[in-house]
Amino acid sequence: MPIDILHERSVIHREKAALIDQAQLSLRKAQLKANQDTQIALNNVQKSDMDTIASWRQLEAAFSAWQIAHLRAQAIPDDAIEKDLKKTYLLYQAAINYSYSQELLAKNIIHAENFEGKLSANKLIDKEQSETSNIQLENIQNNNVNSALNSLKHNWKKVVQAALYLGHKPIKTISNRSAKIYGWYTWNAADFIREWHNNEKFLYQTRRVELSFTPSQMQTIMELHKLPGLANFLEKAKDMGITVNWLIGEPDLVTANGRRKLMQWLPAIYALGFDGVDLDVERSQLPKNKQNIWKSGIIKTIAVIHSETGRPITLTINYKEFKNKNLINQLIGAGLSNAAIMIYISNPNRVKQIVIPILQKYSNLSISIVQSIEPGLPAVESLYPQGQSAAMTHWQNLSRSLNAFPNFDGIDIQSWEDFYKAKP
């Protein structure tokens, strides 16, 4: 082959090699830039994740502060009204900030997914880098972001709107508050839904219902996502300002298996329109060899519900547990909204001796008193021997004497079924 042709080909090869080197360098720069942009996007998601959780906490705190201010304004109308209005304004601001943080989090997630998608689509990109960025995004989405979003599934708009709506109502007096004092534990939803509206006193003096389902009713709800008459009852209860909580009393809720089962049930329950959940899980319900797991188990259960749903959580608890200050503070820290304190004592003075120090000590916790009208208990514990009318007078007087405490949330009765077995 002539030397000039070989020389020409050599020059062409060198030029092609230079172009390839240049292209590889450009590709590498593009890879580095894409990975840098992706990392920035991922960092932005993480920051927005934390900001969203922080703004949610601020909204929760603002709502709690508003609740206390509103209750105090009911009990002490004069100077407390101004504080009530200030807390309402702060609640507005917290809701707006939370809305902005949600929007920014959503934008950053989309932005990060967009970069990650481009990286994955580029087959020439370094495989290790592509997998690394993909894993980073997946971890963020599966852990931080999803955890944050799941904890925000609670319809915050309803919370804020309800608060603001209540804030525009005329301030109630203590006597008006005492007119609506009852909470009712009921253990058979079908019977309750069929009969609950038949008693006028029950209808107009009820502020909440703790509604439980039999195993067959629960199976129907999980399969069909409904129960005859339930939707109509929940709608009427909402119109009447009655809170309806799902009452569940299975002892294994304090175990890991129990928590998993509970988290499978909760979406269906909340989809029906329940306001919150009431865990009636006492230490004494567990076998003696497992009672030592109750404390850590119930704290974990409340924390999981709070993290995944953000919905209000009530714990039915024996008053003796309040001797353990550390336990109560841990329950509050885990997300407990209300303590329904079981004080099965018929003597009202003794009840007040027990509950007033608790109301004073835990002013940041909503507290109701659970009283018994069960026929199987002695008269010193149950009001069943006194009958319906005498029991209601007893509860009304007890409630009236405690209404000065802003965190007092009425009398819960164990149970609706037993109340209607008692003499008039």
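As a basis for the values below, the full set of heavy atoms in this structure was taken, side chains included, without hydrogen atoms, waters or symmetry mates. If you're wondering where the values come from, they're calculated on a predicted model, not measured in any experiment. In what follows, residues are counted from 1 in the order of the sequence shown.
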Ignoring hydrogens and angles, state whether a donor on the side chain of [X] or [Y] is under 3.5 Å from an acceptor on the partner side chain.
X      : Y      : value
Ser366 : Asn338 : yes
Arg400 : Asn397 : yes
Glu417 : Thr186 : yes

Mind checking whether [X] and [Y] have side chains closer than 4.5 Å, heavy atoms only?
X      : Y      : result
Val277 : Arg311 : no
Asn292 : Leu286 : no
Met240 : Thr206 : no
Gln371 : Leu398 : yes
Ile341 : Ile367 : yes
Phe213 : Trp246 : yes
Leu247 : Trp187 : yes
Phe322 : Ile317 : yes

Residue pair [X] / [Y]: nearest heavy atoms and the distance that separates them:
X      : Y      : result
Met218 : Ile269 : CE-CD1, 3.8 Å
Ile343 : Val351 : CG2-CG2, 4.0 Å
Trp265 : Met222 : CD1-SD, 3.6 Å
Asp280 : Gln285 : O-OE1, 3.2 Å
Ser212 : Gln217 : O-OE1, 4.2 Å
Tyr362 : Ile328 : CE2-CG2, 3.4 Å

Counting only heavy atoms not in Lys300 (residues, nucleotides, ligands), do more than 12 fall under 6.0 Å from its NZ? no

So does Lys295 have more than 12 non-hydrogen atoms from other groups sitting under 6.0 Å from NZ? yes

How far does [atom1] of [X] sit from [atom2] of [Y], to the nearest 0.5 angstrom?
X      : Y      : atom1 : atom2 : result
Leu402 : Ser368 : CG    : OG    : 11.5 Å
Ile369 : Ile411 : CD1   : CD1   : 4.5 Å
Ile299 : Asn329 : CD1   : CG    : 10.0 Å
Ile193 : Asn232 : CD1   : CG    : 9.0 Å
Lys238 : Glu235 : NZ    : CD    : 8.5 Å
Ile356 : Phe405 : CD1   : CZ    : 4.5 Å

Donor-acceptor contact below 3.5 Å, side chain [X] vs main chain [Y]:
X      : Y      : value
Asn407 : Leu365 : yes
Arg259 : Val254 : yes
Gln414 : Ile373 : no
Trp294 : Ser284 : no
Ser307 : Val304 : no
Ser382 : Leu377 : no
Ser346 : Ala379 : yes
Glu321 : Asn318 : no
Gln386 : Ala391 : no
Gln388 : Phe419 : yes

As a quick check of understanding, evaluate side chain to side chain contact (heavy atoms under 4.5 Å, CB included) for Leu266 and Glu308, giving each step before the final call. CA-CA 10 Å; Leu266 282 176; Glu308 296 296 327; over 6 Å; no

Salt bridge or not for Arg194 and Asp191, using N-O below 4.0 Å? yes

Any salt bridge between Arg208 and Asp275, counting N to O under 4.0 Å? no

My understanding is that only one of Leu230, Leu234, Asp278, Asn245 makes a side-chain contact (heavy atoms from CB on, under 4.5 Å) with Leu211; could you say which? Leu230

Using 30° and 60° as the class limits, which term best fits the ring planes of Tyr182 and Trp184: parallel, tilted or perpendicular? tilted

Going by the angle between their ring planes, with limits at 30° and 60°, are Trp416 and Phe192 parallel, tilted or perpendicular? perpendicular

Mind running side chain to side chain contact (heavy atoms under 4.5 Å, CB included) on Glu374 and Tyr344 for me, showing each step along the way? CA-CA 10 Å; Glu374 297 161 274; Tyr344 286 4; 3.5 Å; yes

Evaluate side chain to side chain contact (heavy atoms under 4.5 Å, CB included) for Ile181 paired with Trp395, printing each intermediate quantity in order. CA-CA 8 Å; Ile181 68 169; Trp395 293 325; 4.3 Å; yes

Side chain to side chain donor-acceptor pair (under 3.5 Å) against Gln330, all qualifying residues, sequence neighbours excluded: Asn326

Evaluate Lys421 against Asp418 for salt bridge (Lys or Arg N to Asp or Glu O under 4.0 Å), listing each step before the verdict. CA-CA 5 Å; Lys421 293 176 185 175; Asp418 292 325; 3.5 Å; yes

Under the side chain to side chain contact (heavy atoms under 4.5 Å, CB included) criterion, do Val281 and Thr301 qualify, and how do the steps go? CA-CA 11 Å; Val281 187; Thr301 299; over 6 Å; no

